[in-house]
Amino acid sequence: HVQLVESGGGSVQAGGSLRLSCVVTGYPYSGYCIGWFRQVPGKQREGVGAVYTTTRSTFVVHSMKDRFTLSQGAAKNTLTLQMNNLKPEDTAVYYCAVDSFADMGSGGTCYVNNLYRTWGQGTQVTVS
């Protein structure tokens, strides 16, 4: 029974920082993809980045890589999203998701798209 728990959301002023954590439990494979996404109500879900747990290779989309970074904990089931210099347009619900590398990865790197099949409950980030 796979579960994903996001934490670390909150309200910050523009220019501030937040660190979000995703913890995956119960996933039946040793190597898989963990992704971070965000969604504003009424808008399309947007990919942030992903990690392949076997290689620890991370990817952040070009528009965010100057401010956001991903890091995998010593426990490979944990993926941290460090967000710096936050802007009001970063306000969204942030979700993590998991899926198999066979479906979501290639060349040791995981894709970022909305086809991941297992999702967490989300954590709210508000920037004012």
With a 3.5 Å distance limit and no angle check, can you tell me whether Glu6 reaches the backbone of Gln121 through a side-chain donor-acceptor pair? yes

According to side-chain contact (heavy atoms from CB on, under 4.5 Å), who are the partners of Ser30, at least two apart in sequence or on a separate chain? none

For residues 29-46, the salt bridge (Lys or Arg N to Asp or Glu O under 4.0 Å) pairs (sequence neighbours left out) are Arg38-Glu46, Arg38-Asp90

Quick one: pull up CG in Asn77 and CG in Leu4 and give me the separation to the nearest 0.5 Å. 9.5 Å

Minimum side-chain heavy-atom gap Val24-Gln3 below 4.5 Å: no

With sequence neighbours excluded, what pairs up with Thr126 under the side-chain contact (heavy atoms from CB on, under 4.5 Å) test? Ser11, Thr91, Gln124

Work out which heavy atom in Asn84 is nearest to a heavy atom in Ser17; give both atom names and the distance. OD1-OG, 3.0 Å

Determine all donor-acceptor pairs shorter than 3.5 Å in which one atom belongs to a side chain in residues 97-109; sequence neighbours excluded.
| unit_1 | atom_1 | unit_2 | atom_2 | d |
| --- | --- | --- | --- | --- |
| Asp99 | OD1 | Arg117 | NE | 3.1 |
| Asp99 | OD1 | Arg117 | NH2 | 2.6 |
| Asp99 | OD2 | Arg117 | N | 3.1 |
| Asp99 | OD2 | Arg117 | NE | 3.0 |
| Ser100 | OG | Asp103 | N | 3.3 |
| Ser100 | OG | Asp103 | OD2 | 3.0 |
| Asp103 | OD2 | Arg117 | NH2 | 2.4 |

Would you say the ring centroid of Phe37 lies under 6.0 angstrom from that of Trp119? yes

How would you list, by chain and number, every residue that makes a side-chain contact (heavy atoms from CB on, under 4.5 Å) with Val125, sequence neighbours excluded? Leu18, Leu20, Met83, Tyr94, Val127

Euclidean distance, Thr69 OG1 relative to Leu81 CG, rounded to 0.5 Å: 7.0 Å

So, the side chain of Arg19 versus the backbone of Thr80: is there a donor-acceptor pair under 3.5 Å, distance only? no

Thr55: which residues meet the side-chain contact (heavy atoms from CB on, under 4.5 Å) condition with it, sequence neighbours left out? Tyr52, Ser57

